[in-house]
Student: 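My questions all concern the structure below.
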Amino acid sequence: MSSSSGQPQFRYTQTPSKVLHLRNLPWECTEEELIELCKPFGKIVNTKCNVGANRNQAFVEFADLNQAISMISYYASSSEPAQVRGKTVYIQYSNRQEIVNNKASGEVAGNVLLVTIEGVEAGDVSIDVIHLVFSAFGFVHKIATFEKAAGFQALIQYNDAATASEARNALDGRSIPRYLLPEHVTSCHLRISFSAHTDLNIKFQSHRSRDYTNPYLPVNPSAIEGTLQPVLGPDGKIKEPESNVLLASIENMQYAVTVDVLHTVFSAFGTVQKIAIFEKNGGTQALIQYPDVTTAAVAKEALEGHCIYDGGYCKLHLSFSRHTDLNVKAYSDKSRDYTIPDTGLLTNPQASAVPTASTSWQTNPQAAGTFVSSVGQTAAWDPSKTTFASAAGTFPGQPFVPSAGAPYPTSGLLPTASAGYPQVSQQMPQYGSQPRAGSGVPYVGQPPRYF
DNA sequence: AGCACA
């Protein structure tokens with residue numbers, strides 16, 4: 001026979017390759033056209049278009065050798081030749097085993113995609129929506145989002161370049177379905193390229209980054225809520241813009257944390273204007289609005305990492321919210337607006353820093369008779385000066401005294417050292433007496449405590 | 001219609 005194994009250039013003796021050589025393509029055939037032709041046979045992990053003197057040749061690399069074989073086999077026995085724009089395309093195994101990465105940056109197939117979401121603000125597309133969209137092509141390991149001059153961008157890490165390529169091929173230039181987006185978003189085109197990253201370094205689960213391979217990664221409360229544009233502080237660390245509204249994440253919420261509890265705690269630093277409690281990512285969070293940034297900053301500094309109740313329960317993590325004025329129901333189970341006068345249910349604004357016993361009773365019938373405001377006149381209270389010993393005695397007019405039978409005699413809001421459990425009141429922090437909560441509020445399955 | 005290049 002004329003064919004011999006010593007002539008690899010002869011088509012019937014070419015060794016199979018994941019890479020196919022296509023020729024007689026229409027002039028400057030696009031990658032999309034190439035992919036359309038080849039993708040029925042398998043996952044395309046790389047392409048090279050417009051090669052050759054006439055720019056009418058191309059290479060396509062499949063994820064698997066068998067996929068390349070199936071395409072060759074199909075057209076070897078097909079009565080219809082492979083065609084692009086009606087032009088017959090001749091396909092052979094390439095004499096190379098892989099396409100070299102000579103593409104422009106961003107075209108080099110990797111397992112991490114760089115996705116630019118055009119025409120939206122970061123807050124418009126949640127990381128959960130991004131995860132949903134990109135999970136259609138395979139397990140998404142990690143997502144990191146950020147805002148750059150180019151707009152809202154996300155890095156999507158898959159296990160392999162093949163999966164990433166498939167997602168890119170399917171989604172590049174497309175839009176996230178409207179029903180997944182806020183109503184005001186009119187367009188949301190995805191522009192997708194490959195990142196040079198292979199493994200993203202996700203430090204926290206947050207609204208801008210996720211590691212789906214590590215469910216135990218700590219949640220970063222400063223990044224859960226809102227769409228803060230990170231600001232670099234003097235130390236070079238990411239610093240959130242200050243706000244008069246604090247976002248509190250409540251960790252280890254063994255006991256109910258109500259609006260009243262939060263009001264008592266946060267009133268220690270100034271007038272609390274509004275409170276809203278909500279559930280997010282399976283945890284409880286709250287927004288606490290002060291009249292000014294300074295007060296919020298003091299409260300944040302003093303309360304961060306402290307527990308409302310002893311034993312490490314209801315540990316607070318505080319960050320500045322992007323909100324400046326909460327729009328809350330004046331009086332509900334989960335929210336309170338203390339700035340609205342004449343509701344009949346609320347104390348008047350001047351005295352609103354601490355709810356009176358009577359208002360607590362109205363809202364918490366079970367708590368009747370148990371309310372003790374341990375904070376007192378907040379306007380005069382300086383957390384940096386108040387001493388620990390002053391807890392009950394410094395606040396005249398307190399109608400109730402601590403119950404001798406209280407099962408948890410120590411005060412809450414102790415600083416929680418990472419291994420500092422259980423805690424005792426002697427571990428008082430530099431802030432002196434801590435504001436306390438819990439009074440007047442029924443616990444879940446626990447009797448109330450007093451101070 | 002016949003194998004590319006960082």
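Just so it is clear, the values below take in all heavy atoms, side chains as well, and ignore hydrogens, waters and symmetry mates. Within every chain, numbering begins at 1; the chains are lettered A, B, ... in the order of the sequence lines, protein sequences first and strands thereafter.
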Student: Among residues 50-60 of chain A, which ones have heavy-atom contacts with DNA chain B below 4.0 Å?
Tutor: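 Heavy-atom contacts with DNA chain B come from A/V51, A/Q57, A/F59.
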
Student: With sequence neighbours left out, write down each residue that passes salt bridge (charged side-chain N to carboxylate O under 4.0 Å, His left out) with A/E251, or none if nothing qualifies.
Tutor: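 If we apply the salt bridge (charged side-chain N to carboxylate O under 4.0 Å, His left out) test to A/E251, skipping adjacent residues, there are no hits.
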
Student: Taking atom P of B/dC5 as reference, at what distance in whole Å does atom CG of A/N95 sit?
Tutor: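 That distance rounds to 14 Å.
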
Student: Return the value, rounded to whole Å, for the distance between atom CZ of A/R96 and atom P of B/dG2.
Tutor: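 The distance from CZ of A/R96 to P of B/dG2 comes to 16 Å, rounded to the nearest Å.
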
Student: Using a cut-off of 4.0 Å on non-hydrogen atoms, how would the nucleic acid contact of A/E98 be classed: base, sugar-phosphate, or nothing?
Tutor: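 Answer is base: heavy atoms of A/E98 come under 4.0 Å of a base.
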
Student: Expressed in angstrom and rounded to an integer, what is the separation of A/E61 atom CD from B/dC5 atom C1'?
Tutor: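 In whole Å, B/dC5 C1' and A/E61 CD are 15 Å from each other.
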
Student: Under 3.5 Å, is there a donor-acceptor pair between the A/D211 and A/Q205 side chains?
Tutor: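 On atom types as modelled, these side chains do not qualify, holding no pair under 3.5 Å.
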
Student: Taking side chain to side chain donor-acceptor pair (under 3.5 Å) as the test, write out the residues that go with A/K39, two or more places apart.
Tutor: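 Partners of A/K39 under the side chain to side chain donor-acceptor pair (under 3.5 Å) test: A/E36.
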
Student: Please report, rounded to the nearest Å, how far the C1' atom of B/dC5 is from the CG atom of A/N46.
Tutor: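 It is 13 Å, rounded to the nearest whole Å.
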
Student: Show every side-chain hydrogen bond (donor to acceptor under 3.5 Å, both in side chains) that has at least one partner inside residues 187-200 of chain A, sequence neighbours left out.
Tutor: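 Qualifying pairs: A/K142-A/D199, A/Q157-A/D199, A/S175-A/H189, A/S195-A/H197.
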
Student: Rounding to a whole Å, what distance do you find between A/Q92:CD and B/dA4:P?
Tutor: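 Taking atom P of B/dA4 as the reference, CD of A/Q92 is at 13 Å.
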
Student: Whole-Å distance between B/dG2 C1' and A/L22 CG?
Tutor: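 From A/L22 CG to B/dG2 C1': 12 Å.
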
Student: Applying salt bridge (charged side-chain N to carboxylate O under 4.0 Å, His left out), can you list everything that pairs with A/R174, at least two apart in sequence or on another chain?
Tutor: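 By the salt bridge (charged side-chain N to carboxylate O under 4.0 Å, His left out) rule, A/R174 matches no residue at all.
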
Student: For the pair made of CG in A/L25 and P in B/dG2, what is the distance, rounded to whole Å?
Tutor: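 Nearest whole value for this atom pair: 10 Å.
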
Student: What pairs with A/Y212 under ring-ring contact (aromatic ring centres under 6.0 Å, His included), at least two apart in sequence or on another chain?
Tutor: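 A/Y212 satisfies ring-ring contact (aromatic ring centres under 6.0 Å, His included) with A/H131 only.
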
